[in-house]
2 protein chains.
Amino acid sequence: MTVPTGRRERKKAATRRKIADTALRLFLERGYDAVGIREVAAEADVAVTTVFSHFASKEALVFEQDEGFEQRLAQAVTNRAPDEPLIPALRREVLALVRHCTADGAAPIQRMIAASPALRQYEDSMRLRHAESLAAAVAADPALARTGTVCRTLARFVVDAYALAREADDPDAAVDEIFRMIEAAWEVTAPSR
Amino acid sequence: MTVPTGRRERKKAATRRKIADTALRLFLERGYDAVGIREVAAEADVAVTTVFSHFASKEALVFEQDEGFEQRLAQAVTNRAPDEPLIPALRREVLALVRHCTADGAAPIQRMIAASPALRQYEDSMRLRHAESLAAAVAADPALARTGTVCRTLARFVVDAYALAREADDPDAAVDEIFRMIEAAWEVTAPSR
DNA sequence: ACCGTAACACTAACCGTTAGGTTTTCCTGC
DNA sequence: GCAGGAAAACCTAACGGTTAGTGTTACGGT
């Protein structure tokens, strides 16, 4: 019943980090496709089954750090100031996420992802999961009062903005441009007063 | 150089169709995951390598018939009447596609896809490919005069509409609702006259 | 009739992933 | 402290999708 506090959790987290770090290092050194799971496990000095007990798939090793992103969009909705409109809050968060991903330090990882169809596909489906949780957060806000379909649509549009802006020549300008479209799409669904 | 006319092509097409038909039949009979590629090959009386010379992956066997869909959205743009506005033309095409997929005859296939994460993921990434060709078609129309980012964004929104409407309780109404949003998003990008 | 090539076959492997069952390591209540 | 239980990690072995390598056939153009 007591909350497990201590060494066990620390060791588990250490193993997880060691696997992820080793994997990312090998992937960047020699290419994602050129490094096998057995090799990652050997280099991290763990069993293959241990790798898969920490990560659901080989692709998940690459996106380990981005797990927090899942919640950030939803929190941008639920934690926004009581009187702040929805769209600017989302715009701000998407802009922050885009800047984080297009920062110089992330360039090698982004190049690796772009080079691997498997990683691109994984990221795409990850974004759709994020859209679902964002849609749930939007639908849960009673101040917004939209149908389920509108909430899901908005969520898709927002994650599209994230994906498209990252690939654009000028990410900041792209966020601006796309969010003008999203704002218009959202306004037209306002319930009649 | 000469245009290949004849038996060779017919035999190849026949082999391809035999593989696809056999695979779909087995998948529907016993489930996508429960049928292996080796089994499909044996039942179609071809070698495993032959299956993969016709289809890039196991998932592609399921979506063989939907290959034409790739072009339909783009054609809805390029082949529309000279004075027809873009959005209604796209709305009409998406509605037709949604109705086609939610027709009674397609129900078992849709259920199979919904039951397999691998198939859902494959379809998601297929949609993104479709969005890219749609974006290219929109960008190529000089009468529209929008930036590349706007064209890509619109294309994403349109394929989102397709995906969301299919899952909605009332697909027709969802297409209506979502395309009102798309229309507004598109209008706000109109170049100043 | 003959050659090039496209289609197909067979074998054998590689790689991600999982199941099975065992050992180690830590937490906890005595 | 220590027994008992559980979580974490291990090892082995396999399964299923996918591909490389190497032939073999059958068609099409000359």
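Side chains are part of it too, since the values below use all heavy atoms of this structure and drop only hydrogens, waters and symmetry mates. Every chain is numbered from 1 and lettered A, B, ... according to where its sequence line falls, protein lines coming before strand lines.
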Please report the distance, rounded to the nearest Å, between [atom1] in [X] and [atom2] in [N].
X      : N       : atom1 : atom2 : value
R38(B) : dA14(D) : CZ    : C1'   : 12 Å
F52(B) : dA13(C) : CZ    : C1'   : 14 Å
K58(B) : dT19(D) : NZ    : C1'   : 17 Å
E59(B) : dG16(D) : CD    : C1'   : 12 Å
R10(B) : dA6(C)  : CZ    : P     : 19 Å
L61(B) : dG16(D) : CG    : C1'   : 14 Å
F55(B) : dC8(C)  : CZ    : P     : 11 Å
E9(B)  : dA26(D) : CD    : C1'   : 15 Å

Scan [X] against the nucleic acid and name what it touches under 4.0 Å (heavy atoms): base, sugar-phosphate only, or nothing.
X      : value
V46(B) : sugar-phosphate
D33(B) : nothing
V35(A) : sugar-phosphate

Name the closest nucleotide to the [X] side chain, picking from [options].
X      : options                   : value
I37(B) : dG17(D), dA26(D), dC8(C)  : dG17(D)
T50(A) : dG17(D), dA9(C), dC10(D)  : dC10(D)
R8(B)  : dG17(D), dC27(C), dT5(C)  : dT5(C)
T15(A) : dA14(D), dA13(C), dA9(D)  : dA9(D)
R7(A)  : dC10(C), dC26(C), dA13(C) : dC26(C)
H54(B) : dA6(D), dT18(D), dC8(C)   : dC8(C)

Task: Phosphate contact (dC26(C) OP1 or OP2) by K11(A) side-chain N/O below 4.0 Å - done: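 For K11(A), the contact criterion (side-chain N or O under 4.0 Å from OP1 or OP2 of dC26(C)) is met.
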Task: Donor-acceptor pair under 3.5 Å, T49(B) side chain vs dC10(C) base - done: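 Answer is yes: a donor-acceptor pair is held.
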According to the interplanar angle, ranging from 0 to 90°, do the rings of [X] and [Y] count as parallel (below 30°), tilted (30 to 60°) or perpendicular (above 60°)?
X       : Y       : answer
F63(A)  : Y122(A) : parallel
Y32(A)  : F27(A)  : perpendicular
F157(A) : F157(B) : parallel

Open item on the list: Would you say that more than 12 heavy atoms from the other residues, nucleotides or ligands in this model lie under 6.0 Å from the CG of D169(A), or not?
Closed with: no
- [ ] For a side-chain contact (heavy atoms from CB on, under 4.5 Å) with L154(B), tell me which candidate from I87(B), L134(B), L144(B), V159(B) qualifies.
- [x] I87(B)
